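Values in this document were obtained by computation on a predicted structure and should not be read as measured data. Chain letters run A, B, ... following the sequence lines, proteins first and then strands; every chain starts at 1.
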Amino acid sequence: MAEPYTITNPPLVCWSCHDRTLGTHFCSSCGKLVQLRGGIDYFTLFEMPRKLWVELPALEKKFLQLSWKLHPDNFVSASEQERELSLQHSSELNDAYRTLRDPVARLEYLLGIEGMRKEGEHKQQAPPELLEEVFELNESLEELREAKASGGDLAGLQTRLQAAEKSFQAQLGEVDARLQSAAREWDAAFDAKADEGARKKLLSRMNELLNRRSYIRNLVTNVQKELQ
Amino acid sequence: MARIVGIDLGTTNSLVAYFDPQTGRPQCIPGPHGSTLCPSVVSLDPDGSIIVGEPARRRLLTQSERSIYSVKRLMGRGPGDVQDELKLFPFRIDPASQNVIRVRLGERVFTPPEISAFILRELKNWAEAHFGEAVERAVITVPAYFNDAQRQATKDAGRIAGLEVLRLVNEPTAAALAYGLHERQRGKVAVYDLGGGTFDISVLKLISTGEGDIYQVLATNGDTHLGGDDIDNLLQAQVREEILRLHQVDFAKSADSVQELRKELIRVKHELSAVDRATLRFPLAGGAVYAREFTRAALDALIAPVVERTMKPVRQALADAQLQPTEMDEVVLVGGTTRTPLIRETVEKFFGRKPHVELNPDEVVALGAAVQADILARGVKNMLLLDVAPLSLGIETYGGAVAKIIPRNSTIPASAQELYTTGVDNQTGIDIHVVQGERELAKDCRSLARFTLKVPPAPAGLPRIEVKFLIDANGILQVAAKDLRTGEQHTVEVQPSYGLNDAEVERMLEESIEYAEQDFAERQLIEARTEAESILTATAKALAAVPDAQLAGGEREKIDANVAALQAAAAGSDYKLVRARIDELNQATTHLAELMMNSALSTALEGRRLAEV
Ligand SMILES: [Zn+2]
């Protein structure tokens with residue numbers, strides 16, 4: 001069960017009635033859709049704490065409830081301003097749901113809003129302990145491409161690549177397990193209101209694991225593509 | 001509130017439907033020929049008027065170079081895209097076509113949205129005749145797997161036809177709406193939609209909530225160039241080859257005969273859906289006759305590859321929805337081509353359950369469009385549709401690779417923000433190329449648009465421009481840019497790679513209104529001629545009944561002169577002149593009418609003009 005969690009929005013001056021309102025989507029005075037608040041994160045949008053364990057049925061329920069109210073189908077006969085706002089609010093809602101329901105996208109997003117992943121910094125360097133294995137893999141892949149082109153010994157290479165794929169799949173499983181335990185630690189630290197230093201350490205650890213994960217995943221995808 | 005109609009703009013047939021609040025059900029509107037199906041065929045008459053639907057379909061056989069069918073295959077595509085189609089379809093593409101294809105009909109050229117607009121205008125006329133009032137707003141269906149350019153082209157067609165297109169709805173989703181309403185289904189539903197020219201598969205979840213029913217599309221896939229047409233083409237190619245071999249007659253030389261043969265083969269195909277054997281007798285030039293018996297088994301063997309091609313998108317859609325075939329609670333078949341027994345068997349075997357076929361597969365999409373039209377007219381009251389983008393949206397990055405920013409099967413509206421800056425000092429523009437598709441290289445994806453972001457001169461890396469890519473509820477891309485340093489909104493002029501710009505659409509709308517006026521004049525002329533005929537008959541009858549002696553001096557001559565003048569006018573094409581001559585003859589026969597009534601001893605008719613007697 002998620003514990004009750006309240007978030008206070010910064011007040012906004014409604015475009016329609018000019019009252020100050022705290023509503024995320026609708027003006028508390030006139031009931032119209034309010035302007036999109038820049039800087040509201042997806043967790044806040046769903047009135048959820050910034051934790052990594054998410055109860056999916058509850059998330060879906062909230063998504064469907066908000067969809068009823070925000071979907072552009074409700075505003076076909078409304079003013080142009082309201083139609084535009086409904087488009088902005090409902091696309092934000094859909095983006096948020098798409099991100100939060102997927103564990104990896106959720107983690108990536110959390111790292112982003114916590115300042116761990118900067119724009120344009122998705123460089124993928126081979127984790128040092130994998131270098132040797134990656135080097136061998138690339139060699140095998142190259143040989144396979146050549147063999148495909150010239151009709152060389154495919155079977156032997158394929159067996160070697162299948163073995164490599166299996167090994168990387170196993171490592172992927174291991175990374176996932178470590179990520180899960182880090183995520184549990186993060187949620188516990190959140191509940192315990194841990195200090196900035198402890199939180200930063202956890203975030204940095206998860207960031208490294210996530211990079212490693214996407215690196216290995218790419219390797220696996222590449223091998224699978226060649227083996228097809 | 002004025003009515004909103006739902007329109008299925010199909011490859012082979014188009015339909016218009018509305019939601020009847022009295023029965024709480026959607027209903028298709030029949031045309032003047034009594035059928036709810038309007039063949040998606042357009043023909044240009046030598047007199048310059050446009051003929052649509054059943055009469056145009058008949059002209060495919062006699063005036064094939066002035067007529068076009070399956071124009072949906074050309075929507076939103078460039079001349080380079082349709083080379084394969086040209087081998088199989090008698091499209092006459094104007095060599096001057098650039099981004100947008102131009103098709104030749106007789107002595108004129110039209111873009112595919114203009115031709116589709118003629119069909120939409122015809123359906124609009126059907127609806128207006130049915131309601132006795134103007135219809136200006138519509139929901140139009142599109143294949144779920146249509147890309148941005150194809151959707152935009154459909155929207156443009158609506159505008160050219162004088163319709164405000166309130167929403168484009170995906171065809172399988174529309175079918176699910178119609179079925180959901182009909183069957184009160186819940187759970188996971190697969191919709192297999194094989195039409196004349198397009199194939200879609202959609203996987204939906206039907207959810208009951210406190211507020212009402214939600215139709216949530218989980219995944220969609222398809223092929224916008226796969227349909228019943230392909231089956232017809234296979235049959236046609238086989239028979240043409242046989243005729244060439246057995247009778248040394250080459251059909252490629254006569255477009256009219258090809259259409260005649262195609263029509264016969266479609267008949268054979270339809271018969272084989274019901275019985276195991278069908279025969280074809282086709283007279284050839286020079287007196288020979290090509291005769292052949294077709295069996296269902298042979299047809300099945302011929303079309304098996306087409307059916308197999310539909311299964312790859314089916315598997316992909318299920319994989320994307322993370323579901324197994326057996327997890328589906330319902331399977332729905334949509335589109336006329338799903339009447340083919342092999343398709344029914346294949347789908348049933350794959351999902352392990354009998355598919356729903358209760359609703360007419362030709363009408364179900366239009367009915368669903370009418371349901372969506374009703375939702376839009378009244379606001380979301382008890383039904384909500386959440387659809388998805390069928391293809392990933394990406395932007396070209398270094399080396400021609402694609403960075404996906406909105407993945408396929410994202411619920412729409414959906415958006416993504418990207419931050420851009422400059423690479424050199426005082427750079428004034430950043431080029432952006434938006435593509436749609438699943439491939440890794442931009443050149444293998446569909447180019448949607450290219451545009452240049454304007455940047456105020458500044459040192460390299462200092463400008464920060466946030467670009468928001470948004471796919472709206474119609475599945476159409478919008479782009480907005482914001483300068484994060486100044487907070488200023490930039491307008492982004494997006495020139496579609498394969499579409500019409502606003503000015504072109506406006507011009508086509510004006511031209512099409514001229515056509516509509518021409519149509520109006522034609523209808524007026526027909527009515528005036530009918531009226532002229534009845535007054536001429538009545539006058540002749542009266543002149544025969546009333547002795548000349550009862551007429552005043554010169555009266556007979558005056559009437560004769562007016563009769564001749566009206567006959568001459570009715571032979572012409574100016575309806576206003578016909579009306580004027582009718583009035584003149586009415587005036588001239590007022591006295592005659594009185595005499596006629598007196599002699600008939602019918603006081604009840606007193607005071608009425610001759611034409612009314
Ligand atoms: Zn307000």
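The existence of a salt bridge linking Glu133(B) and Arg3(B) is confirmed by a sub-4.0 Å separation between a basic side-chain nitrogen and an acidic carboxylate oxygen. Residues Arg151(B) and Asp148(B) are not paired through a salt bridge, judged by the lack of any N-O separation under 4.0 Å between the basic side chain and the carboxylate.
Using a 4.5 Å cut-off between heavy atoms, Ile207(B) touches chain A through its side chain atoms alone. Heavy-atom distances place the side chain of Thr209(B), and not its backbone, under 4.5 Å from chain A. For Glu440(B), the part lying under 4.5 angstrom from a heavy atom of chain A is the side chain only.
In this structure, CD1 on Ile432(B) lies 6.5 Å from CD1 on Ile430(B), to the nearest 0.5 angstrom.
Using a distance-only test at 3.5 Å, with no hydrogens or angles considered, no donor-acceptor pair links the side chain of Ser415(B) to the main chain of Phe469(B). The backbone N or O of Leu323(B) sits nowhere less than 3.5 Å from a side-chain atom of Glu327(B) that would complete a donor-acceptor pair.
Contact check for Val76(A) versus Ile4(B): no side-chain heavy atoms found under the 4.5 Å cut-off.
Annotation for Arg20(A): atom CZ does not count as buried by contact number, only 12 or fewer foreign heavy atoms lying within 6.0 Å.
The candidate from Ala416(B), Ser410(B), Gly210(B) with the greatest count of non-hydrogen atom pairs under 4.5 Å with chain A is Ser410(B).
Closest heavy-atom contact between Leu376(B) and Ser77(A): O-OG, 4.5 Å.
Among the residues in residues 170-183 of chain A, none has a non-hydrogen atom closer than 4.5 angstrom to a non-hydrogen atom of chain B.
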